[in-house]
Enquirer: 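Questions regarding the structure given below will be posed in turn.
Just follow the structure's listing: the first ligand is 1, and inside any ligand the first atom is 1.
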Amino acid sequence: MSIDALIDAARRARMNAVAPFSGFLVGAAVEARDRTIVSGCNIENATYGLTLCAERVAMFKALSEGHRHFVRVAIVTDTDAPAPPCGACRQILWEFGGDLEIVLANLEREIERYRLADLLPLPFDAATMKTRRTRRTTK
Ligand code: THU
């Protein structure tokens with residue numbers, strides 16, 4: 001799968017963004033290990049706080065369609081410089097995708113590429129909760 005196809009999928013998804021409050025449209029597309037592409041857009045709501053970012057929509061859609069292994073995600077915004085994912089999305093992408101390649105693009109097709117481990121150093125995840133004690137329910 002070429003990076004271009006992944007960016008195109010994110011670009012198309014961006015046009016479906018439901019962003020009446022911010023006016024900031026975001027598109028994302030995750031590529032599964034089997035090369036399937038699943039896209040998402042940001043979806044805002046009137047109480048603001050329940051807003052879902054494009055990256056999480058794409059990842060949750062992919063998970064709900066049965067995908068469990070991912071290689072990269074593209075994120076497209078209409079910004080001067082390609083925009084990085086927010087902290088919440090970094091967390092979700094890490095937990096379900098591991099050290100993904102993160103491809104950022106704007107509408108001028110400027111592209112930046114990162115590894116998620118570099119964008120989210122020292123992450124908290126299931127492995128972090130390992131304990132030598134046998135029971136976690138007591139103090
Ligand atoms: N947004 C995303 O979709 N992804 C991000 O990583 C950052 C922010 C959305 C949420 C909201 O709808 C709008 O952009 C402005 O924050």
Enquirer: Taking non-hydrogen atoms only, is A19 closer than 4.0 angstrom to ligand 1 via side chain, backbone, both or neither?
Expert: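 For A19, there is no contact with ligand 1 at all, from either part.
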
Enquirer: Check each atom of ligand 1 against the heavy atoms of P85 and keep those under 4.0 Å away; list them by number with element.
Expert: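 With P85 as reference, the close atoms of ligand 1 come out as 6 (O).
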
Enquirer: Tell me which protein heavy atom sits closest to atom 8 (C) of ligand 1, plus the residue, atom name and distance to 0.1 Å.
Expert: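 Result: C53 SG, 3.8 Å.
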
Enquirer: Quick test of your reading of the model: are R109 and D8 salt-bridged, counting only N-O distances below 4.0 Å?
Expert: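 Yes.
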
Enquirer: For N42, take its heavy atoms, then give the atoms of ligand 1 lying under 4.0 Å from any of them.
Expert: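 Result: 3 (O), 9 (C), 11 (C), 12 (O), 13 (C), 14 (O).
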
Enquirer: Less than 4.0 Å between atom 14 (O) of ligand 1 and some protein heavy atom, yes or no?
Expert: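 Protein heavy atoms within 4.0 Å of atom 14 (O) of ligand 1 - there is at least one.
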
Enquirer: In terms of atom number and element, which parts of ligand 1 are under 4.0 angstrom from non-hydrogen atoms of E44?
Expert: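 Heavy-atom distances to E44 below 4.0 Å select 11 (C), 12 (O), 13 (C).
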
Enquirer: Has R90 got a side-chain atom pairing as donor or acceptor with P85's backbone, closer than 3.5 angstrom?
Expert: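 Here the side-chain-to-backbone pair exists.
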
Enquirer: At a 4.0 Å threshold, what atoms of ligand 1 neighbour a non-hydrogen atom of T51?
Expert: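 Near T51, meaning under 4.0 Å from one of its heavy atoms, ligand 1 has 10 (C), 11 (C), 12 (O).
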
Enquirer: Can you find a pair of side-chain heavy atoms, one from E44 and one from V18, that are under 4.5 Å apart?
Expert: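 E44 does not reach V18 side chain to side chain.
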
Enquirer: If you take the nearest heavy atom of each of G87, A88, A54, which one is closest to atom 3 (O) of ligand 1?
Expert: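 Among G87, A88, A54, the closest heavy atom to atom 3 (O) of ligand 1 belongs to A54.
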
Enquirer: Tell me whether C86 has any N or O atom under 3.5 angstrom from an N or O of ligand 1.
Expert: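 By distance alone, the answer is yes.
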
Enquirer: Side chains of D80 and N106: closer than 4.5 Å at any heavy-atom pair?
Expert: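 D80 vs N106: side chains apart.
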
Enquirer: What orientation do F96 and F60 show, parallel under 30°, tilted 30 to 60°, or perpendicular over 60°?
Expert: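 Answer is perpendicular, since the angle exceeds 60°.
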
Enquirer: Taking all non-hydrogen atoms of both residues into account, name the closest pair between A58 and S39 and its distance.
Expert: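 Of all heavy-atom pairs spanning A58 and S39, the closest is CB-C, 3.8 Å.
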
Enquirer: Below 4.0 angstrom from a heavy atom of E55, which ligand 1 atoms are there? Numbered from 1 as shown, please.
Expert: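 So the answer, numbered in order with elements, is 2 (C), 3 (O), 4 (N), 5 (C), 6 (O).
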
Enquirer: Among protein heavy atoms, which sits nearest to atom 16 (O) of ligand 1, and what does the distance come to when rounded to 0.1 Å?
Expert: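 Residue, atom and distance for the closest contact: F24 CD2, 4.7 Å.
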
Enquirer: Side-chain heavy atoms nearer than 4.5 Å, only ILVMFWY residues, links allowed to pass through others: does that put F70 and I7 together?
Expert: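 No, separate clusters.
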
Enquirer: Checking D99 against W94 for the side-chain contact (heavy atoms from CB on, under 4.5 Å) test, could you report, in this order, the C-alpha distance in whole Å, the side-chain angles of both residues, the deciding distance, and whether it holds?
Expert: CA-CA 6 Å; D99 190 17; W94 175 266; 4.1 Å; yes

